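One structure is given here, and the rest of the page talks about it.
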Amino acid sequence: MNGLVLGGTYALLGIGLTLIFGLMNVVNFAHGEFYTLGAYAAFATLAGLGGGFVAAVLGAIVCGALLGGLTERVLLRPLRGESIDTTMLVMIGVWIAMQNAELLVWGGVAKSIPHPFPTEPLVLGPVAIAPLRLFVMALAAGLIAASYLLIHRTKLGRAMRATFQDAETAALMGVKIARIHTVTFAFGSGLAAAAGALLGPVFLAYPSMGDLAALKAFSVVILGGLGNLPGATLGGLLLGIAEELGAGYVSSGYRDAVGFVIIIVVLLFRPSGLFARQERIG
Amino acid sequence: MTRAARVLGALLALTLPFWLQNPYYLHVVIMAGIFGVLSLSLNLLLGYTGQLSLGHAAFFGIGAYTSALLTLSLAWPVWPAMLAAVALTALSGWIIGRLALKLRGAYFVLVTISFAGVVSLVSVNWMELTNGPLGLPGVPAPALGPWSLRTKTAYYYLVLAAVALSYLVCARLVNSRIGRAFLALRENEPLAESVGVDVTHYLVLAAVVSAGLAGLGGSLYAHYTRFVSPEVFLFTYTVTMVIMVVAGGKGTLAGPLVGALLFTALPEALRLATSWQWQMLAYGVLLLLLVYFLPRGIVPALRGLRGRRAS
Amino acid sequence: MTLAVRDLAVQFGGVAALGGVSFEVRPGTITSVIGPNGSGKTTAFNAITGYLRPTRGAITYDGASLAGLRPSAIARRGVVRTFQKTSVFPTLSVADNVMIGLHLSGTAGVVAVLLGRRRLGEEERRLAAEADALVELVGLGHRRGEVASGLPYGEQRLVELAVALAARPRLLLLDEPGAGMTGAEKATVSALIRTIRGRGITVLLVEHDMRMVMGISDTVVVLHHGRVIAEGPPAAIQAHPEVIRAYLGATGERA
């Protein structure tokens, strides 16, 4: 069960990252910072403003999306067409700057995020689960479903898919690529923030929490395939469960190694996307 | 650089301990030297073959732990331990090179990061070998016959020799047929293959040499601070190396050294003025500014200036 | 020293890009492969030079199979190609581009380089002189020190040619060397290709410009929908009814 709770939030992280990576070709090292931002935004809403949990998650999404959109607009747009290394360095810079800004604002001490749920576990037949975790799982599932609807059922989503397929053709068809990039980055960051807001109350909020989250998001993306939403969803759930099993059967100290090992193994044995960049037939 | 400037620089480097009486300053210079070795090492991959390794802290850490463990647990003398550290990291570079043979760009980056992540977790969790988060205190300082190199002045010369050696290795490689093969891989891989450059062979070679040099840096660090803990695997070390290389000028020989000197001295100066968080915040912002305003780095920018003045 | 392609087939997904192609390139000749866009010319090039693995068929050069070899290993056997899209080492100078092309002419290994052996200096000077000669050959002597990506398009294609020649090919595969060039530049390239053959290098050419192809080829192979529909000397090809129907008709559509 815990695997599913983790997995749902990993899937949210992965979906956000796979969109940014697949559509914009940006290796977003700051992805984890939006997750952290989400957790702190939830903390501010719950502890500071006394809002409800749903309001906290919504607040986190808005914060993440706004800052994400701003980051894309200000930092990434001028670099469109630059090499992937250049944008990667920029995102590393953003990552370090954001993390330490968070450290300055919130301090280095881990914060426990208050939540309105009873701590008594709910017993449903053979499984016992804390109500908070159940709620987190439900909200994560709802957000994943909402992302699917956005991508597959709206005009914006269609433009995003077209851009992913072939940016040049999409541009010819009248899709405003620059705007799609901003929206994608905002959307992906919003999802990362949502994941942070969801997991924050389960664990603790601290400024470097995003580092591991980012790596997990990367392993989910690689597991699922670049720009592949169902892949990221499944990958997230799989990673969550694999981590629970790994922690249970190997050693809890190596829990976080599962993601790393997945990245290495999948990349090594994945036959596509490798050396022979095939040229046009003709 | 003109010949006169080079001779002057060498003289300055050789006599530095006599000018810098303050041991704290000398300490900063020693750290700059160690980071110089690390930056030269990263630059070989990033600057010449064009592959960004974000796992360099792993090679640094493996070098440090190898040196520390061999001298502490097996009571090896320092020099063979240092050699073994270089050999073992070169071997791990070979493994990473072979594994990541067909991966480029973002995928290469992710494999190197993951490798560093796994190694770091092992260093924390394998208590019997590494003593976990507590680390390994009491790493011995090297000795030259009857003379211990414990003093900062003596260690300064050791580090200086290591920097010179690393520079020589890089310079010879880069200014040869092998260096051209590295560049060919960075510039246009399919074209390089078409004229007979076996790019994977050269990528592995670059990874081996680069990892070995990073291991040398790690070993020097272990015997200098005389304490090794899982902190040597911190991603901050990798990021610092990347910033030094990018700021100094990737793909130039002098760039990494300039970057190392600048970015060891600068945080130390900042540290006197402000807290660690502000320092790191400044680091992040500085990296951003570099990408936008000095994308090619300090050394190429200076060269460009001089070229313009000359013409 | 004959290149023999037997029943070469390449499939992308379910689509057959080449459906069993056979032809030969005899030593000392200029052979051209022509055909409308999508007829499989570049695919054949990529398969011969190791850039993609054929689904079926055999490729032999000088009696030995090239199957499964990496492009660099094929280059080592004297089979060198150029690319359809301009392909240079962009941030390096013209001379350095050609120096990389001379990779196989160098012998320096890691140990020798690290030890700084004296004979390496001599080798470097020899290679630099060779590079200079090649830069002169393609007429770019005045551009020697300039960064390759800064040159006009036509000159970049000449750099490419010099880089390929530096690898000392015995068989040179040129993928549309005249594409996007002015008439005068095409004439220069045609003359260069003849010079190259004059040096004993066999040439296999993919080209769209019919005047160029018919003017310099000894043999022309016509591909259509992934198959060879005709093979022979230029005059015979120009009169071949199927070629006129398939190829020239398609060219009309293309324009």
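Values in this document were obtained by computation on a predicted structure and should not be read as measured data. We name chains A, B, ... by the order of the sequence lines, and we start the count at 1 in each one.
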So CE of A:M98 and CG of B:L281: to nearest 0.5 Å the spacing works out to 11.5 Å
Separation between CD1 (A:I264) and CZ (B:F115), nearest 0.5 Å, reads 8.0 Å
Taking atom CZ of A:R77 as the centre, report whether more than 12 heavy atoms of other residues, nucleotides or ligands fall under 6.0 Å from it. yes
- Query: Would you find a donor on one side and an acceptor on the other, under 3.5 Å apart, between the side chain of B:Y292 and the backbone of A:L75?
  - Reply: yes
Residue from B:V124, B:L52, B:N125 scoring the most non-hydrogen pairs under 4.5 Å with chain A is B:N125
Review point. Side chains of B:L54 and A:I92: does their closest heavy-atom pair fall under 4.5 Å?
Key: yes
Original post:
Above 12 or not: heavy atoms from other molecules or residues under 6.0 Å from CH2 of A:W106?
Top reply: yes
Does a side-chain heavy-atom distance below 4.5 Å link B:I113 with A:F29? yes
Check this for me: A:R161, atom CZ, are more than 12 non-hydrogen atoms of other residues, nucleotides or ligands nearer than 6.0 Å? yes
Under 4.5 Å to a heavy atom of chain B? For A:V27 that would be side chain
*Taking atom CD of B:E268 as the centre, report whether more than 12 heavy atoms of other residues, nucleotides or ligands fall under 6.0 Å from it.*
yes
Most heavy-atom pairs under 4.5 Å with chain A, out of B:V291, B:L290, B:L121, belong to B:L121
Checked A:V261, A:L79, A:T86 vs chain B; the most non-hydrogen pairs under 4.5 Å come from A:L79
If one checks every heavy atom of B:V122 against chain A at 4.5 Å, the contacting part turns out to be both
Cut-off 4.5 Å, heavy atoms of chain B, and the answer for A:L89 is both
